[in-house]
Amino acid sequence: MARFIYERHPMKRLYLRWGGILAVGFLIVILSAQRYYRDVYSLTPDLILSRPPFGTVRILGMVEAGTLVKETPSNQARFSLSGNGQRIPVLYQGNRPDDLRELKTLVVIGQWDGSNRQFLAHEMDLIPNYGFITTAYLIMLPMGLFLFMMEHRVLLLYNKIKESKIYEPEVGSLDEG
Amino acid sequence: MNFFSVIRWLAWKDLISEMRSRETISSMFFFALIVILIFSFSFSMDQQTAKTLMPGIMWVAFVFTGIIGLGKSFLAELQNDCLENLQMNPIPRGAIYLGKLVSNFLFMLIVELILFPLFVIFFNLDVFDKLPLFVLILIAGTLGVSAVGTLFSAMTVQIRAREVMLPILLLPLIVPVMIGAVEATGSVLSGESVTFYRHWIELLVVFDIIFTIVSFWVFEFILDH
Amino acid sequence: MIRMIRKYEDWFGVAGGICIAVGLYLGLAASPPDYYQGEVVRIMYIHVPFASTSMTAYFVMTAASLWYLWKRNPIVDNMAHATAGVGVFFTAGALFTGSIWGKPTWNTWWTWDARLVSFTILLLILIGYLMLRTFIEDKEREARYAAVLAIVGAVDLPIVHFSVEWWRTLHQPLSVSPRGIAIAGAMLFPLILMSAGFYLILTYMVGVRTQMLYLQQLLEAKKGRLLGEVHL
Amino acid sequence: MSALRGIQLNKSYRHYQVLKEVSFDVAPGECYALFGPNGAGKTTLLKILATLQTPSSGRFEVMGLDGIRDRNQVRGILLMIAHGSYLYGELDAVENLRFALGLRGLSPADREIKIALDRVGIGAFADFKIRYFSEGMKKRLSIAKAMLIRPKVLLMDEPYSSLDERGMKIMNQFIRESTQQGAAVLMTSHNRAQSAEVAVKAGVLHQGVLHEIDVKELVAAHELF
């Protein structure tokens, strides 16, 4: 069966192949979207205040000037994180608290402590700029399209060459009379 | 032998024709004049900005007029199928290239030498102690443009849309000439010592040598199958 | 020769596809982010292959042009033509991804850096090359002129690069340094894989496009011969 | 030995095959007249023989030299008189002659040029710019050029077009003289009566195929193709 499609129907073979590539691409998009919501998507301080979330979340904001207090022996730091006009207090306990600087925009990961109205962070992350990366990789789409068009054209030309017949005029030319 | 006499004949023919009709040089000259005027209106310059912008404006005007001259250069050969005649004659193709290069180079240089005093007047420059340097830069830059330009003029004259294709093909390739000539002119104007801009003049000279040789070699494939 | 291309091109396509798929996974998911640039460094895995393949494409085009002028084999000319078409795409891709990478790292979409300028000139020459080819009726002359343009452009590009580099250092000290990233092993592997994949895909695309151009000419010739019997 | 010999020449353009297996032979001192309807490929054949175009397949020999490999020597032997007069509009008649001869390394005396111009009947216009010449005068000037160059092989594309009665006589006289001196002439023509006076061989090119015919048929036949 496969052999039949392979040799007799090059057009079908082309569509099958590109259908497969398209399906794989679609799968990758779904998987990466899932991963994005799990690992990259981040909330802002105003969202935390209006709808307190459960579990581990990521918050994007700026360390407010003059609020950062580091406690060196215990690897702790306190600061308030602002974004979209709101601010929340953060207690950070984790690696490399030295990377914290005032006026730096970053992502902190942790849980919202509703009773103390503060955010308990255990990790921090750089600003996610997946937008740029996604845009850069989007160029694979026109590349695929370009390749598809070329392959399609090659097959069309093969068919045309196979089918082209001897030209037969409707009437004799005037100078043959 | 025959080689140099062919160059001489071709250059002689172009120069005589030009002396009688004054078609190319006058159109180049007035075009350049208009370019300069438009530039000076659109920038509304004071004394200082004029000095910094002047090398760029000057070379843009020169290159644009050069393109006009180059476009006309082989167009004259198309009348009465003269280009075919050149192809059919038992002469080295490189000699045709060099002959045309000589006339193109001279036309451009003549127009530039007429325009240069106008620049000096319009932009209030004092250049008199550095005149030889300016002339050297002019010659080197012009040779670079006309070396590549003669090749592409011969190429584009035999195709459709030749007026468009000549600048499209030529301008990207002469970017080094533009950079080198503008920088060298600017440095000379601002009175720097020669050591600071010697490499630009060297760049121009190297470009001239390389492209005269390369064009000389590939010209055979343009006029001959 | 066209038969050879037809026989082997699929392998290049498949191998390239696999390399790129694995490279994408490693580059986008498995490799660590850069210490300085963060996640943005992942653009490197697509930008660097684009840049190196587009330069290679121009090199191949020049070689094919020289070969054509020497041996006058029409398929070699088709190959040069095909490489130019594919090269435009790869060069534009390199400029596009480079520009996107430039925004988060240098906070600018565009800078008059020597590489960027030479790539732009490369793109302009390639577009001029393709335009030139559409404006000539005679196939043989078209091939000759295009080959000459490719060779002259190849001589010009290094000079453009050096002159712009000098020009840059004169006007601004290099605030934006060339992309010197100390590449760790974990980043090197996906980069190599992606580059290999891009080279394979380039070969495949050139093969397909060469075939396309060849067949177009064949079809025209076939039609023409038949018409010639009847009319003239 | 033949002066001009075509061996199975083929030429196809993008859209159609112009020449099909064209073979012919012209001995020194012979004049071969080629007829055919418009678009039959006469001019293409002449352009191939004049080394302006390459045949798609097949080859041709000029005085025993291969027309494609030794084309530089062949160009020295051939001279083509075609529709385009190969003259420069801004130069006068004498200068044009000097230029054309100079490209072939010849420098005739003023008197020789004067004689040639007088023989073709345009001596009085010797210092007129070509721009003011009519087509017939340009053609006469081409004859004068050919007289001075004395090529061994002459290719003529419709020599009688745009010439008046006297001009045709001059042309035929010139062809007769050339063949007597041992030159081979290949002409395309639509003027059967005039060609019949000088031609010793004739052929009809129809749909790219060459049929040889008897010269007597040129005048006798009601219709050639």
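To find a chain, count down the sequence lines: A is the first, B the second, and so on, and within it residues start at 1. Reckoned from all heavy atoms, side chains included, excluding hydrogens, waters and symmetry mates. Please read these numbers as outputs of a predicted model, since none were measured by experiment.
Of the possible donor and acceptor atoms, none in the side chain of B/Thr156 sits under 3.5 Å from a partner among the backbone N and O of B/Met165. Distance alone, capped at 3.5 Å, places no donor-acceptor pair between the D/Thr188 side chain and the D/Leu34 backbone.
If you measure heavy-atom distances from D/Arg98 to chain B, the contacts under 4.5 Å come from both the backbone and the side chain. Heavy atoms of B/Leu86 lying under 4.5 Å from chain D belong exclusively to its side chain. Using a 4.5 Å cut-off between heavy atoms, D/Gln73 does not touch chain B at all.
Comparing B/Glu84, B/Gln79, B/Gln87 by heavy-atom pairs within less than 4.5 Å of chain D, the highest count is held by B/Glu84. For the set D/Leu91, D/Asn72, D/Asn96, D/Thr51, the count of heavy-atom pairs under 4.5 angstrom toward chain B peaks at D/Leu91. Of all the listed residues (D/His83, D/Arg71, D/Lys129, D/Arg104), the one sharing the greatest number of non-hydrogen pairs under 4.5 Å with chain B is D/Arg71. Interface remark: of the candidates D/Ile68, D/Leu87, D/Ile130, D/Leu87 forms the most heavy-atom pairs closer than 4.5 Å to chain B. Contact count against chain B (heavy-atom pairs under 4.5 Å) is highest for D/Gly102 among D/Gly105, D/Gly76, D/Gly102.
Listed by chain and number, the residues in a side chain to side chain contact (heavy atoms under 4.5 Å, CB included) with B/Glu163 amount to none (sequence neighbours excluded).
Residues B/Val148 and B/Phe207 are in side-chain contact: their nearest non-hydrogen atoms beyond the backbone lie under 4.5 Å apart.
Remark: B/Glu77 engages B/Lys13 in a salt bridge, criterion side-chain N to carboxylate O under 4.0 Å.
In the displayed structure, D/Lys201 atom NZ is contacted under 6.0 Å by more than 12 heavy atoms of other residues, nucleotides or ligands.
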